[in-house]
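Below is one structure, written out as structure tokens, with a few remarks after it.
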Amino acid sequence: MKRVILLRFGELYLKGKNRGYFEKVLMNNIKESVKDMNCKFYRSTGRYIVSDYDEIDEITIIDRLKKVFGLVSLSVAIEMDTNLNDIENYIANLKINAKSFRVSVNRADKSFPVQSNDFEKKLGAIICRNNPNLKVKLKDFEKEIVVDIRENGLTYILSEKIACVGGMPLGTAGKGLLLLSGGIDSPVAGYMIAKRGLSIVGLHFYSFPYTSELAKQKVISLAKLLTPYLGHIKLYMCPFTKIQEEIHKNCSPEFMITIMRRIMMKISAKVCELENCKAIITGENLGQVASQTVESLTSTNFSQTEFPIFRPLIAFDKKDIIEIAKQINTYETSILPYEDCCTVFLPKNPVIKPKLDKVIREEEKLNYTQLIDEAMKNLEIIYC
Ligand code: ATP
Ligand code: MG
């Protein structure tokens, strides 16, 4: 008899022929998340089991597994060889801290001598004997004791289900490039898209000396805070000062932000090629600022045509974004004061509904190909 952690996965069941691949990736991600822990994994009739860990590590292991995309829930369970007397003895010693309960028996092993319904009643009576104030309630119970008698000669007894993050296993959708600023939105956007299976490479634009070393450090901290969900992140740092100065010098000020964002996307497309990323991800949100009107987003979209731009937060209210930021523990860092390169050379009257042809005409005043090549040469990589 031993304590184990039983893992359940959700949407993978929908994947038909690819299921094996999804499971393999999930299993690797699970192992990676607890690789510094002393524990074993095995599959037992359609489930994953974590076992043979030091009991003091149980909370840490659970905390890590809760953040693995693809897992929907987990339970701590007792695993024992299937044996009627052993199950009854174990149940007889349970102390249950609740007012009501039910027992649910799943008898996958049809050679087990007692039928599910009868066994539920019997075990229920045993528990009541030992917990005199406890009532059986088949519906609206406070606690459920599950006895799962598997085909392979093993029985699992458990009660609590702990929710995990769900989603699709990280990496099963390929790789994406997250434009990571120091704000609230972009870390949440990265989390949301990674939850659908896209693993993340980061890209940050900085404008030293207009933005400080601290602002850069903040972005690195945010990337590190995402690693429990996203795994290790390769973060590109792109110098953006010269590009901004050139736009400022050559283009009409009202187009400053629009053109800046288009050049960010052109650089992003190059980094995508370099990294074999299939999409660009931003924390943009409709109507939040002048650069996030439909017209502004359109002019950003057409700055490059190789890669789709995913904006998982496009329709979120700020308060809902903040809620997720708090959940994933990036909020407190995101609200620390910082300067973003987007706030440098900010015009008084940015164009709110830019016309694409006008933007392009304005942008042509720049030698942006050369500027972009130069920025690409000066990329710095940080492993978070
Ligand atoms: P956030 O809270 O994520 O900073 P925001 O509301 O401040 O977003 P913007 O500054 O317009 O909005 O940025 C929109 C998106 O553009 C960000 O969510 C991010 O994906 C990207 N972005 C902005 N600044 C940078 C930067 N310096 N480096 C990389 N990406 C950036
Ligand atoms: Mg920002």
Using salt bridge (charged side-chain N to carboxylate O under 4.0 Å, His left out) as the criterion, list what pairs up with R107, not counting sequence neighbours. none

Would you call K110-E151 a salt bridge at under 4.0 Å N-O? no

Counting heavy atoms not belonging to N97, are there more than 12 under 6.0 Å from its CG? no

Surrounding NZ of K242 (heavy atoms of other residues, nucleotides or ligands, distance under 6.0 Å), is the total greater than 12? no

If a pair satisfies ring-ring contact (aromatic ring centres under 6.0 Å, His included) and one of its residues is in residues 134-167, list it, with sequence neighbours excluded. none

Indicate yes or no for a side-chain donor-acceptor contact from N285 to the backbone of F316 under 3.5 Å, with no hydrogens or angles considered. yes

Which heavy atom of A223 sits nearest to which heavy atom of I233, and what is that distance? O-CD1, 3.4 Å

Do you know the tightest heavy-atom contact between Y236 and E275? OH-OE2, 2.6 Å

One should read off an interatomic distance between D185 CG and L179 CG, to the nearest 0.5 angstrom, of 12.5 Å

Does a salt bridge link K377 with D373, judged by any charged N lying under 4.0 Å from a carboxylate O? no

Heavy atoms only: give me the nearest Y53-V4 pair and the separation to one decimal. OH-C, 3.7 Å

Hits for salt bridge (charged side-chain N to carboxylate O under 4.0 Å, His left out) against E88, two or more places apart or cross-chain, chain-then-number order -> K122

Those residues at least two apart in sequence (or on a different chain) that pass salt bridge (charged side-chain N to carboxylate O under 4.0 Å, His left out) with K270 are none

Indicate yes or no: at least one non-hydrogen side-chain atom of F101 is less than 4.5 angstrom from one of E144. no

From I96 CD1 over to N130 CG, what is the distance, rounded to the nearest 0.5 angstrom? 9.0 Å

List the residues meeting side-chain contact (heavy atoms from CB on, under 4.5 Å) with K326, not counting sequence neighbours, and say none if there are none. I322, Y331

R262 and E362 ion-paired at < 4.0 Å: no

Could you name each residue pair satisfying ring-ring contact (aromatic ring centres under 6.0 Å, His included) that touches residues 355-384, not counting sequence neighbours? none

K249: partners by side-chain contact (heavy atoms from CB on, under 4.5 Å), with sequence neighbours left out: E246

Taking salt bridge (charged side-chain N to carboxylate O under 4.0 Å, His left out) as the test, write out the residues that go with R8, two or more places apart. none

Taking the side chain as every heavy atom from C-beta outward, state whether K99 and L134 have any pair of such atoms under 4.5 Å apart. no

Which residues pass the side-chain contact (heavy atoms from CB on, under 4.5 Å) test with M256, not counting sequence neighbours? Q244, I247, H248, M260, F345, P347

Qualifying residue, where the test is side-chain contact (heavy atoms from CB on, under 4.5 Å) with C164 and the options are V68, V72, L74: L74

Under the side-chain contact (heavy atoms from CB on, under 4.5 Å) test, residues paired with S221 that sit two or more places apart: T333

Can you tell me which residue among K266, R261, K358 is in a salt bridge (Lys or Arg N to Asp or Glu O under 4.0 Å) with E363? K266

Indicate the atoms forming the closest heavy-atom contact of C272 with I280, along with that distance. SG-CG1, 3.8 Å

Kindly write out the residues that satisfy side-chain hydrogen bond (donor to acceptor under 3.5 Å, both in side chains) with T155, not counting sequence neighbours, or none if the list is empty. T82

R102/E120 ion pair, N-O < 4.0 Å: yes

For the residue pair F112 and F119, is the inter-centroid distance of their aromatic rings smaller than 6.0 Å? yes

Enumerate the ring-ring contact (aromatic ring centres under 6.0 Å, His included) contacts for residues 289-313, please, sequence neighbours excluded, ordered by first and then second residue. none

Looking only at side chains, do Q327 and E323 share a donor and an acceptor under 3.5 Å apart? no

What are the two closest non-hydrogen atoms of P187 and I184, and how far apart are they? CD-O, 3.4 Å

